[in-house]
Amino acid sequence: MAYWLVKSEPDAFSWDDQVKRGKKGEPWSGVRNHTAKLNLMKMKTGDRAFFYHSNVGKEIVGVVEIAREAYSDPTAEEGSPWVCVDTVAVEPFKTPVTLDQMKADPKLSEMALIKFSRLSVQPVTAAEWKHVCKLGGVKA
DNA sequence: GCCAACGTTGGC
DNA sequence: GCCAACGTTGGC
């Protein structure tokens, strides 16, 4: 299984919104960056991702699962190359893990979140996943 | 094909 | 609200 991190501005789509979608999930659409798109295309059903609130909060607030692999993004122009996946809420963090916390943690110094701060869909290593789950108070 | 200008993202 | 980082666009 692979691990990921996806970003959303809570003003646009928050963790609470994701939870409200229930098992139906929500299309993770609107990605318009090729690096992010490549990551979306690598996702498999059952992969897990951290749900990160950018701008407001700047913290990981929960875990989502990939419920549907990459398909043509319905919010993009017809014939455009953009894709989205469906995400379903799995579990909220007991304690949100903040950006400051991750920056200060030597175990997480190589995280894409810190090194490529503008990438909205990014891979997370198994070691990082485990560690952040621990900080967040959830099972890896 | 280079690079300056511009737009967008996201932390501060 | 500002600005740094980065991607994209367009003139040459």
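Just so we're on the same page: letters track the sequence lines, and every chain starts at 1.
The neighbour count for A/Phe116 CZ, taken as heavy atoms of other residues, nucleotides or ligands under 6.0 Å away, does not exceed 12. Other residues, nucleotides and ligands place more than 12 heavy atoms under 6.0 Å from the NZ atom of A/Lys37.
Rounded to 10 degrees, the angle between the two end axes of the helix from B/dG1-C/dC12 to B/dC12-C/dG1 is 10°, with five pairs used at each end.
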- line: 5' to 3', nucleotides 7-12 of chain B under a 4.0 Å protein heavy-atom cut-off (B base, S sugar-phosphate only, - none) gives -BBBBS
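Between A/Thr87 and A/Ile66 the shortest side-chain heavy-atom distance falls below 4.5 Å. Between A/Val31 and A/Asn39, the closest side-chain pair of non-hydrogen atoms is not below 4.5 Å.
Ring pair A/Trp28/A/Phe51 is perpendicular by interplanar angle, where above 60° counts as perpendicular and below 30° as parallel.
Looking at A/Thr75 and A/Arg32, their side chains do bring a donor and an acceptor atom within 3.5 Å of each other.
Counting only distance, with no hydrogens or angles, the side chain of A/His53 and the backbone of A/Val61 share no donor-acceptor pair below 3.5 Å.
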